Amino acid sequence: MSVNVSVNEPAVKAAAENAAGANTENKEWRPRIVAFCCNWCSYAGADLAGSSRLSYPADVKIIRVPCSCRVNPMFILKAFERGADGVILCGCHPGDCHYSTGNYYTRRRMALLFSMLDYIGVERGRTRVEWVSAAEGARFSAVMNDFVAKITELGENVKVGDLRCKK
Amino acid sequence: MKLDEKEIAGIIKEISGSDVKKCMKCGKCSATCPAYGEMKFHPHQFVTMVARGKIDELLKDETVTRCLSCFACVERCPRGVEPANVVAAVRVLAEREQGGSNFVPDEVPALIIADKEIPQQALVSAFRRYRK
Amino acid sequence: MAVKIIPLNELEKLFAAVALTKKLYLPVEKAGQYDYAPWEPGTGYDPEVLHTVKSAKGVFFPQSEDLVRYKRDGFSLSIAQVAPEDEDFVVFGVHACDVAGFEVLDRVFLSDPVDTYYKARREHGTVVSVMCAKPEETCFCGTFGIDAEQPGGDVQSWISGDTLYMEALTQKGEALLDQLDGIIMDGNDAENRKAVNDAAEEHKEIMRKLPLADLTTDGFGKEADLLTLFGRPEWKELSSSCLGCGTCTYVCPTCQCYDIREYDTGHGISRFRVWDSCMYSDFTMMAHGSPRPDQLQRFRQRFMHKLKYYPDNYDGAFSCVGCGRCLQKCPISMNIVKVMKKLGGADND
Amino acid sequence: MQKVSEKVIARARELMHDGTVSKVVGWKAGEFFYDCEPNVFETEESLKDLVYNRFCGANLSKYMIKNSIASGGEGAGKVLVLLKPCDTYSFNQLLTEHRIDRENVYILGVGCEGMCDIDRIRERGFKGITGVLEADSGNELVITTLYGEGKVNIDDVLLNKCDSCKGKAHKIYDELISDNEDEGPRGDRFEGVRELEAMSPEQRFAFWQAELSKCIRCNACRNACPACSCRKCVFDNNASGIASKANTDSFEEKMFHIIRAFHVAGRCTDCGECTRVCPQGIPLHLFNRKYIKDINDFYGEYAAGEEAGQRGPLISFTEQDIEPGHAVVKGGN
Amino acid sequence: MQRLGVFVCWCGSNIAATVDVDRVVAEAKVQPGVVFAQDYQYMCSEAGQNIIKDAIKQYGLNGIVVCSCSPRMHEATFRKAAEAAGLNPYMVEIANIREHCSWIHKDKEAGTEKACVLMRAAVAKVLLNTPLKAGESKVVKRALVIGGGIAGIQTALDIADAGFPVDIVEKNATIGGRMAQLDKTFPTLDCSSCILTPKMVEAKTNENIRLITYAEVEEVSGFVGSFKAKIRKKARFVKEDVCTGCGVCMSKCPSKKGLNEFNMGLNNRPAIYIPFAQAIPNVAVIDKTQCIKLNTGKCGLCEKVCTAGAIDYTQQDEFIEEEYGAIVMATGFRPIDASKFDEYSYSTCKDVVTSLELERIMNAAGPTGGVLLRPSDGKHPHSIVFVQCVGSRDVSGRGKPYCSKICCMYTAKHAMLIRDKYPDVEVHVFYIDVRTPGKNFDEFYRRAAEQYDVDYIKGQVGKVWEEDGHLVVRGVDLIANEQIVLNTDMVVLATAIEPDPTARKVANMLTASIDTNDFITEAHPKLRPVESPTAGIFLSGVCQGPKDIPETVSQAGAAASKVIGLLSKNKLTTNPCVAHSDELLCNGCSCCEKVCPYGAISYDTHLINDHGVKETRRVALVNEALCQGCGACTVVCPSGAMDLKGFSNKQIMAEVEAICL
């Protein structure tokens with residue numbers, strides 16, 4: 001244990017080195033992506049993508065929430081803390097919310113949160129909101145393919161994550 | 001420099017502050033227009049032509065100078081298209097294309113004597129800011 | 001006394017020489033504020049700076065440190081103790097108040113049961129003190145009998161003119177100065193001693209003029225009656241504006257409370273300790289709630305600890321060194337001086 | 001300032017004397033001229049220490065959560081609180097959120113010409129400050145120190161929050177003592193935000209990394225903030241899932257400050273207390289003002305606390321709101 | 001201590017082909033808390049369910065994860081199975097390894113790895129699940145219908161027919177609404193009152209229906225199953241149970257200046273009046289603004305002539321308080337004010353009328369006795385111009401952005417009726433589009449144009465003015481591309497319709513959400529068109545959106561069937577995944593209340609004991625019967641006091657952590 005007075009060594013550098021190490025030592029890096037889907041539209045849209053066999057990368061893992069408005073910014077930051085490389089939030093199209101107004105609040109909250117993440121220098125594109133209806137299986141798949149491609153392009157998230165969670 | 005249709009449409013929208021795509025073709029502008037008979041292209045046609053990008057024809061035509069700018073169409077259009085402003089925008093475009101108005105204020109008295117029918121809008125244009 | 005000297009403009013050389021074998025901590029500027037941090041080439045040293053925001057205590061008692069790490073693999077669990085510090089380091093530029101602060105911590109952490117993490121750092125750390133340059137109106141170390149002109153530590157030093165004068169006080173200090181032979185010069189002559197003495201005298205003069213020079217500890221300490229002090233009605237007004245933040249605690253060189261927490265990394269757990277503040281509403285939170293449910297009690301606890309409980313436990317020694325950081329940093333300008341003046345002897349009023 | 005100050009003190013005494021109020025929440029003279037502390041005065045006698053000067057920057061609104069509720073009960077008089085113009089926004093916001101019992105409060109609006117920052121005076125090289133006097137000219141301070149005397153221009157040593165001022169108008173009061181005409185807002189409060197927005201993401205990241213790594217998690221920003229008035233903060237609540245006490249990893253400082261800013265988004269009145277109290281001088285207002293600027297840009301001008309009972313932007317919506325993806329692009333470089 | 005079971009389904013080869021189920025089972029076995037894991041070909045089969053049930057009993061499982069298809073498919077199945085084995089059904093979580101995994105990934109390695117992650121997330125979540133119990137709430141077997149037009153009447157009749165008592169609250173003195181004002185109805189041209197009156201009478205005589213006319217709902221509290229309403233019954237100054245409706249008072253009343261509302265103000269009525277001949281209840285009412293007795297204390301003629309002794313000048317407003325299980329909004333519409341369009345000279349030319357005014361002019365009980373006469377001079381018109389879309393599809397701010405839907409058809413009806421009865425009258429219709437979707441609708445319109453020679457002109461009217469005793473209309477014919485000026489005798493404006501102005505107030509009272517045009521929002525535009533998002537509030541008629549009579553009647557029936565379905569239940573089971581506020585953390589700030597679309601959050605001030613610290617404070621309370629579990633409140637709550645059962649902050653964060661591991 002080294003004396004750690006200046007608690008905060010540049011996290012980026014360390015993580016980047018860490019990541020570089022991981023890349024060469026371990027197998028090919030794959031992004032970790034958390035997708036929050038509302039139960040009524042987007043989760044059903046994802047189901048439809050599945051039953052239509054419209055593939056997208058396995059890096060996307062879906063968490064079911066009743067409504068996109070259930071997603072607390074804390075969850076998104078929690079995902080980054082734990083090493084997620086991208087977080088995507090899907091809900092019913094504005095106006096079609098099962099709970100009539102939930103996604104309108106989501107839209108405002110996420111507009112502000114994403115803008116703040118951008119403001120502190122997190123790469124644009126690590127977070128995204130998409131409206132996907134229950135009928136849009138193809139769109140769900142397309143959105144996920146696009147998002148994974150974008151995150152892969154951005155590379156590993158080294159700016160917002162807790163180093164202790166890196167293996 | 002020759003602008004393409006999209007760019008021209010953008011300029012017209014910018015000058016007029018009006019979106020021709022909102023038109024639902026009810027014709028109330030033409031039903032309202034006191035200068036209807038003076039115009040080769042009536043207000044509703046004018047708007048449609050702008051929407052379709054047929055600007056060249058309008059630039060060449062006198063219709064642009066026949067609008068009285070009475071704004072009755074603007075007042076009554078249920079869709080907020082503001083045809084008079086669209087006409088004005090095309091007129092401005094025409095003037096820009098000519099490098100400004102053909103008239104200068106000093107010429108106005110002579111023009112009135114020469115042509116009693118000259119549209120008042122044409123005279124007003126002599127005082128516009130695009131005048132050289 | 002064996003005085004060694006080095007011109008101030010050669011300090012970089014000195015630092016580099018120390019850093020060759022040991023980690024070196026000194027006040028470093030970051031985004032406009034000074035705190036103790038590892039030295040790197042070009043870091044520099046500003047002798048005019050009186051206070052770092054946080055005191056120097058962090059080098060021995062960091063704000064956060066891991067104690068134990070658990071690792072889970074299937075159903076098996078392995079536990080790894082985090083080894084205490086085993087590398088030597090030097091902390092440079094500590095003023096008398098902060099050095100005295102180390103002593104306050106020593107009494108707590110080095111008495112039975114000994115805190116092995118703290119002890120290891122104390123053993124491996126060499127303190128190089130410097131007499132402070134320009135005391136501020138908020139300084140009152142004299143109140144606690146601290147001699148600002150003899151800052152203490154393993155090596156104490158003075159600045160006069162363009163020269164740093166150093167003197168080893170302990171074996172560790174001597175070893176350090178020996179190691180620096182060739183970079184620092186022998187300056188053990190009358191002229192240099194006079195320079196040191198003059199600087200000290202000049203400093204003493206300022207100390208006498210400080211607005212808080214007359215502040216005394218009357219009414220506190222071992223002799224004071226605990227229950228009377230505890231029951232004084234003035235606590236209510238004194239605490240009425242306390243926000244319950246931890247600023248005073250975290251900038252304080254003597255506050256020593258910590259919390260032990262765990263962080264689940266997903267792969268395992270690290271158990272670590274972090275500074276805690278008795279001003280916080282969740283301090284020593286228990287299943288039944290907080291033992292001090294309102295801010296008055298928490299506020300009183302902090303000052304009673306500094307001025308009464310600690311002296312009772314440690315033979316009259318106070319747990320305040322008069323550095324004045326809390327006077328400068330408290331968001332609402334409440335501080336120990338105001339408490340002492342309100343509750344202490346008549347002289348203070 | 002002197003005239004207003006005398007009137008304020010006299011009026012507070014009068015109100016206490018005639019029984020209109022039974023307590024006064026105001027500023028108390030400190031050890032030095034500049035360290036006035038907020039205080040609850042409960043007796044007429046104690047009011048001898050009431051002051052109102054250039055160093056009364058602390059916003060007293062938040063104290064009214066505790067003091068307005070506690071004073072209830074039969075026979076108890078109202079609580080007098082002294083509020084500067086900008087403080088009244090916080091007061092209104094707390095009223096909106098039902099945190100203050102308006103019935104029990106008597107607001108004495110006090111005029112303000114800008115509050116001074118002792119740290120800024122120190123930054124100008126003054127050490128060992130033993131006295132601060134407002135020069136007769138009214139725009140200078142005379143500073144006496146252990147090491148000599150000097151003058152500073154007041155405008156140079158105002159609190160960060162006073163660099164841009166929301167205006168001299170009180171948004172709520174029962175009585176007003178002020179010599180000031182409201183000249184509307186002064187200064188461009190979004191300048192700092194714009195500067196950051198104009199930087200590259202890497203520069204922004206480096207800026208925040210440097211600033212936030214100074215954070216010692218003393219919670220002064222949170223505890224001084226009138227909007228951060230939760231009974232128990234999520235960061236103190238072990239059951240919240242994000243509790244933390246120190247920035248053991250640099251992620252935690254980001255988590256803390258982003259979530260804190262988010263929790264007060266649309267509720268923050270830009271009172272500037274966070275930046276004023278930060279012992280590390282972190283420009284925390286740049287977080288809050290970013291949100292205020294975004295809210296203004298995206299949803300129309302909104303000033304939390306402008307009047308009590310407003311519906312905040314995060315608990316409102318329109319069908320045409322900006323999409324988060326566009327918001328990011330609009331936000332900066 | 002949690003004892004979890006994990007069950008991995010092959011779904012034949014649907015899952016097993018791309019997911020190595022053995023590995024998922026092996027991985028599951030080393031998850032914290034898991035004491036049992038097994039795979040099976042079809043978990044949803046009876047045999048599969050038995051595996052689950054047996055394991056629950058044998059291993060004393062207190063939580064299970066089923067790795068299978070989408071929870072939207074079989075969550076209910078597995079919950080039932082768990083419940084049958086004595087496990088709380090909400091201790092079941094599904095890892096969707098089919099739709100979200102095996103079906104979209106071709107690489108078995110990637111698929112298996114992802115399946116393991118999804119399993120892990122579900123295990124992490126179920127570790128934090130708590131048994132939930134669906135609550136129950138009572139159902140008051142009585143319905144309230146607000147509005148007594150055709151929508152309200154039909155809804156009430158259908159509910160009453162099913163045997164449930166229902167109250168109709170109508171703000172006017174009679175039920176019947178707008179339909180009563182119509183002369184004929186499209187596309188069949190049957191007489192409006194002939195088909196409406198029997199329904200009105202039925203509403204009056206049905207013993208399950210109570211008519212509360214000349215009344216307004218003042219307050220509504222409560223929630224689905226048990227609403228409480230306070231109804232103000234305005235003073236009629238006529239005893240409703242005594243008046244025989246003989247009408248003698250009307251003929252004797254000296255104050256005859258009141259505008260006849262029923263005839264759209266085209267003629268006058270006395271201060272004491274029965275709105276129209278077929279009014280239900282057939283009882284007089286005194287217009288207190290017009291009555292001489294009530295204003296000056298003199299007169300009292302009606303009291304003298306009333307042989308029944310029904311007049312009571314001292315009558316006061318009365319209040320009725322009643323409990324209801326369901327409430328139907330049927331607040332209807334009104335035409336917008338045409339005077340905003342000064343180009344049509346509606347307010348200056350008497351012969352410019354609205355379509356609803358024309359209805360009255362054409363009606364036998366109307367001001368002209370059914371003879372088509374110009375309002376200005378009572379002469380027979382020889383030419384009439386109809387203007388369509390007056391204020392409809394108008395975003396200029398003077399009108400409404402939507403299509404009012406009924407105008408094309410009623411204009412065709414008017415044109416046809418006029419041409420039929422008065423073949424000498426020339427009829428021109430200026431239209432933008434003619435919209436006639438509906439059974440026999442287009443045929444109807446074409447008949448007007450082809451058979452009755454109505455002149456349809458594609459274009460709008462720009463101006464109408466009066467000149468030498470007739471009207472001049474300037475319009476445009478877009479097809480002929482010419483401006484036309486017509487001399488005519490009458491102009492009829494097809495004014496847009498808008499929700500009745502009371503709709504907003506009522507909606508707010510019921511926490512039913514309302515759109516920017518003041519139409520009530522339906523719970524789902526396609527799948528739940530007659531329900532409001534607020535449980536127990538139903539929509540009937542034009543308050544939901546423009547519609548014609550047949551649509552209104554069918555929607556009224558649909559709303560009634562929803563009400564009947566609700567009232568047939570003895571208890572309501574509530575969704576247990578609802579919000580819950582921790583009063584120790586609650587600041588009482590009201591943010592949650594403001595975002596709740598259901599009005600499920602209220603506030604209570606009471607003594608709270610926080611580990612010995614006692615304080616009286618304002619805290620949020622969630623009504624579990626109203627809460628639908630969206631979670632909007634949980635995010636606006638900065639202290640985290642508000643959480644959602646079944647989708648708690650900790651559960652979701654545990655899933656996040658498990659996924660990011």
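Keep in mind it's a predicted model, so treat the numbers as computed, not measured. Letters go in sequence order (proteins before strands), and every chain restarts at 1.
For A:Y104 (side chain) and D:S316 (main-chain N/O), no donor-acceptor pair under 3.5 Å exists by modelled atom type. Of the possible polar contacts, one joining the D:D249 side chain to the A:L163 backbone as a donor-acceptor pair under 3.5 Å is found. With hydrogens and angles disregarded, a donor-acceptor distance shorter than 3.5 Å links the side chain of A:R108 to the backbone of D:P313. Using a distance-only test at 3.5 Å, with no hydrogens or angles considered, a donor-acceptor pair links the side chain of D:K254 to the main chain of A:K159. A donor-acceptor pair under 3.5 Å links the side-chain atoms of A:K78 to the main chain of D:G241, judged by distance alone.
Of all heavy-atom pairs between D:F262 and A:P73, the closest is CE2-CG, 3.3 Å. For the residue pair D:L314 and A:Y105, the shortest heavy atom distance occurs at O-CD2, 3.7 Å. What you find for A:L113 and D:Y291 is that their closest heavy atoms are CA-OH, 3.8 Å. Closest heavy-atom contact between D:E319 and A:R107: O-NH2, 3.0 Å. Between D:F317 and A:T101 the shortest heavy-atom distance is CZ-CG2, 3.4 Å. The two residues D:A265 and A:L112 come nearest to each other via the heavy atoms CB-CD1, 4.4 Å.
Looking at D:Q320, the atoms closer than 4.5 Å to chain A (heavy atoms on both sides) all sit in the backbone: N, CA, C or O. Within the 4.5 angstrom heavy-atom criterion, only side-chain atoms of A:V129, from C-beta onward, approach chain D. Contacts of A:L117 with chain D are made by side-chain atoms alone, with heavy-atom separations under 4.5 Å and no backbone atom involved. Both the backbone and the side chain of D:F287 have a heavy atom closer than 4.5 Å to some heavy atom of chain A. Looking at D:E252, only its side chain comes within 4.5 Å of chain A, counting heavy atoms on both sides. Only the side chain of A:P94 comes within less than 4.5 Å of a heavy atom of chain D; its backbone N, CA, C and O stay farther away.
Chain D forms the most heavy-atom pairs under 4.5 Å with one residue out of A:M116, A:E130, A:M110, A:M74, and that residue is A:M116.
Rounding to the nearest 0.5 Å gives a distance of 4.5 Å between CD1 of D:I259 and CG of A:L77. Of the inter-residue distances, the one linking A:D118 atom CG with D:R204 atom CZ reads 4.5 Å to the nearest 0.5 angstrom. Once rounded to the nearest 0.5 Å, the distance linking NE2 of D:H326 with OG of A:S115 reads 14.0 Å.
Between D:F251 and A:V160 the shortest side-chain heavy-atom distance falls below 4.5 Å. With a 4.5 Å cut-off on side-chain heavy atoms, A:R164 and D:T248 count as touching. A heavy-atom distance below 4.5 Å is found between the side chains of A:Y119 and D:V193.
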